[in-house]
Amino acid sequence: MRRSILSSLRAHLGRLVAACLAIVLGVGFGTLAMTVHASATHGIDETIGKQNAGVDAVIESDHETVTPADVAAIKKLPEAASVVVDTSAYLQIQWAGQVRPDNLGIAARYDTSKIAGPTTTSGRLPEAKNEIALPAKLADKHKVAIGQQLRLTTWDGKPFTVTVVGLLNDSISIAGSNAVATAETVKTFEPQGYINQVKVAAAPGVNETALSVAISGVVNKGLQVYTGTGWIDHEVKSITGDIDVLGGVFGMFAVIALFVACLVIANTFTIVIAQRTREMALLRCVGASRRQVFSSVLAEASVVGLVASGIGVVFGVALSAIALTLARTFDWGLPRIDLHLDLASVFVPLLIGTIATIAAAVVPARRATRVAPLAALRPEAAPVAKSRAGVVRLVFGFLLLAGGGALLVLGAQSNQVIAGVAGGLSSFLGVLAIGSLLVPALVRLLGVLPARSGGVPARIAVANAVRNPRRTAATTSALLIGVTLISLTCVGIASVRKTFDVTMDKEYPVDVTLKVYDEKMPATAARQLADIKGITQVVPVRTATVKSGTETLKITGIDQATAGSVIHSPTLVNQLQPGTALVDRNTMSMLEVQDGSTVTIVSGKEKLTLKVLQAKGLEPITVTQTDLQKLAPSAEVTGYWLASDPKADGPQVIDELKQSLPTVKSLSISGGLAERSFYTKVFDVLLLVAVGLLGVSVLIALVGVGNTLSLSVLERTRENALLRAMGLTRRQLRGMLAVESLLMALVAAGLGILLGLIYGWTGTAALMGAQVGDGGIQYAVPGRLLVTIALVAAVAGLLASVLPARRAAKVAPAGALATE
């Protein structure tokens, strides 16, 4: 049988290429996910280890604060050889070219003979008072050179002049780095400096566990004491938590890709074995047992799986190296991450790919053992895989569909994510189970138009597409999975984004509020602000100091005619009417008024009674400009409410606003622009990553469509030749196969988009319903994306038919009719 297996592999290698490609893509994707995750985790673990070299114990504030008494007690322990106290000061610094100062953290330098500390890329560490070393990236950003003097200011306005003597190596830092000065300098900056943590190196002969126990006995019981190893593990876990989550997401997509590959593999082996009916029967005639036939098919699958998985691992490692190289060009606050290969990231995908291939071939192998020896003596007919779905399978599929639908409704209504996920999986399995009934029906329905307008070739294409319902369902199921997941992701992210936008409009109805205290706004302020890129509307607001009862407070007035251009909440815009005051909850509590009641406000000799309506996200009391003028006719402009372009870079706009209006000493900037912009970018990245990753499964599925058509061309060689002999042109033959492929792709795309809408909406309700409350969920239909998905699936379906159609068109009619 060994010779038979090898000869069979050589003879049918061309038919197994598509299955091999599916395995390569699936395994390669899994290898990519595991390798990138392992490299990131190893890189951060190594970085944290370098930063904490020599540390045997760490004391950190938990319920209590580390005090000088705790530090003194630790230093007295004979088990402690070196004690490092991590203290820092926070000052303001005026960078060159900036209008207003930024914050700068400065850490105290310590003895690094036993415990690792900061190092410099150029210059030296501070040794004298009023010397400072800046992080290299920060110095480069603000064009600061060694020897340059900087002016610092404490929180109470006390000035200091320091000299830059070195640039710190921050290439291995996680997130941002503080500047460094001597302990004496930091003490001068912040006399009552807060102790962040204490790091301790053990005396010779003392292990870290004994040191930690000794420290726990002398410090406040509310402090957290870690061993050196425990502290490194704690830091690594706190940083790699998101990486682990991301790795899990990548792993999920890898599983999806591998599952789709299994469908393609199983379909390929089913068709190949169906085409080898006479070969299997002849083997049985010459003495091969059913067990030998079964083993030979599994042996072929093992060889194919092992070789293709090996290629997939190499492919995945190469992609990982490219991805990590590209990642270094972006500043994500992470240290340099180099490629790191471990046994798991190499052998697990290899093993899973091989096992998945064998498992996908089990059912076709069992089918091969049912071939009777007498089948070899029968006249050869076009081999057709079994297609009639069993009644039990259909009943089971409808039960899964009904039960899954009920769980989806339950998950959406009760905000239970687990129920929603279970419902989605059950209902989708139900759709796959009844696919042999559902997909051909949809193909016939969709094929009505081409059958009427495309003539005989189009009608033949429709008939061919539904000739074998089970094969058609299996072929489209792989593409259906990919399209459903992409549509689900697009709909889900669009719905979450829309829900988030509505929630943000409630929390922050104004993008940016900008105001001054005890200063006058310059006359050209509105024009200066409007000139900032990303700002679309600038509306002035006026304030006045008023009284209500015994309380003194600020009241803000805005022009009713222009308020709607900067307030995103239509409800608040409609409520902002003369005679009405929009009051936040804290002010309502202070004034002891209820929503809908009235409040009397006094300014000098003027008095005004207003209806109170609770509002969130505006000033403590907001009224129309008309009402404010009645109370304080001379109220001046003290600020502006700004609207921004939704596509604007929020942090960049905020940075420009901070440097605007140079004649104003103190400028207060608030609002939801920065947060909204951050989450918008997150949604965009998630959508891009998800669509890109799921695109791999779609690519694998399209390989399956092309494979099915290729094998279909082989088994319909004589049929196609007869059609050619009867007058069908090569162009018509290619068009016939294109229509057949297009119908399968469009059915998978249409059904996948429909399921994606249902799953995306119910998933959004289950995931976010509890956070936003009833009526807060906003369901979105990303029309352009869904149409694009359908078009891509259609084009890809046509492309999948190109090679099979060319192969079919090259066959001469006379030669094909003579084939055995």
Side-chain angles (χ1 to χ4, degrees), residues 44-62 65-89 105-129 131-133 135-136 165-174 177-187 193-220 223-236 238-239 335:
I44 292 174
D45 194 359
E46 192 175 53
T47 299
I48 297 295
K50 289 179 180 178
Q51 291 178 345
N52 290 275
V55 176
D56 294 308
V58 175
I59 302 90
E60 191 177 45
S61 299
D62 189 8
T65 301
V66 181
T67 64
D70 294 316
V71 175
I74 296 170
K75 289 182 176 179
K76 292 179 181 179
L77 290 174
E79 293 88 349
S82 177
V83 179
V84 169
V85 182
D86 179 10
T87 58
S88 56
I106 304 176
R109 182 185 175 185
Y110 53 82
D111 177 19
T112 58
S113 60
K114 295 184 179 296
I115 295 178
T119 58
T120 59
T121 56
S122 59
R124 59 178 175 81
L125 291 174
E127 298 174 352
K129 190 175 181 180
E131 290 184 343
I132 191 174
V165 296
L167 301 181
L168 300 173
N169 179 14
D170 53 0
S171 61
I172 62 170
S173 66
I174 307 294
S177 298
N178 285 334
V180 171
T182 63
E184 180 186 8
T185 302
V186 172
K187 186 73 172 177
Y194 179 80
I195 299 176
N196 303 312
Q197 59 186 216
V198 179
K199 296 181 178 180
V200 185
V206 178
N207 61 44
E208 60 180 21
T209 303
L211 176 62
S212 301
V213 171
I215 293 172
S216 299
V218 298
V219 299
N220 195 309
L223 299 177
Q224 181 70 48
V225 180
Y226 295 91
T227 63
T229 304
W231 172 251
I232 292 175
D233 291 341
H234 169 74
E235 288 290 274
V236 169
S238 66
I239 295 170

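Because the structure is a prediction, the values reported are computed rather than measured.
The distance from the CD atom of E208 to the CD1 atom of I215 is 11.0 Å, given to the nearest 0.5 Å. Atom-to-atom distance recorded for I59:CD1 and D70:CG is 9.0 Å, nearest 0.5 angstrom. We find the OG1-CD1 distance between T227 and I232 to be 8.5 Å, quoted to the nearest 0.5 Å. Atom CD1 of I115 and atom CG of D56 lie 7.5 Å apart (nearest 0.5 Å). Note that CG of L125 and CD of E127 are 8.0 Å apart. Values are rounded to the nearest 0.5 Å.
Side-chain N/O atoms of T182 and T185 include a donor and acceptor closer than 3.5 Å.
For E131, the salt bridge (Lys or Arg N to Asp or Glu O under 4.0 Å) criterion is met by R124, not counting sequence neighbours. By the ring pair (Phe, Tyr, Trp, His ring centres under 6.0 Å) test, Y226 pairs with W231, H234, sequence neighbours left out.
Taking 4.5 Å as the limit, every side-chain heavy atom of L168 sits out of range of all side-chain heavy atoms of T121. A 4.5 Å side-chain heavy-atom check between V66 and V198 finds at least one atom pair inside the cut-off. Using a 4.5 Å heavy-atom cutoff, the side chains of V186 and R109 are not in contact.
The main-chain N or O of L223 is never found under 3.5 Å from a side-chain atom of N220 such that the two would form a donor-acceptor pair.
Closest non-hydrogen pair, P126 versus A133, comes out as CG-N, 3.6 Å. Summarising the geometry of I195 relative to T67, their closest heavy-atom pair is CD1-C, 4.0 Å, with the distance given to 0.1 Å. Listed here is the closest heavy atom pair of I106 and A181: CG2-CB, 3.7 Å.
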If you look only at distance, which donor and acceptor atoms sit under 3.5 Å apart when one is on a side chain in residues 72-89 and the other is two or more places apart or in another chain?
residue : atom : partner : partner atom : Å
S88     : OG   : N196    : ND2          : 3.2

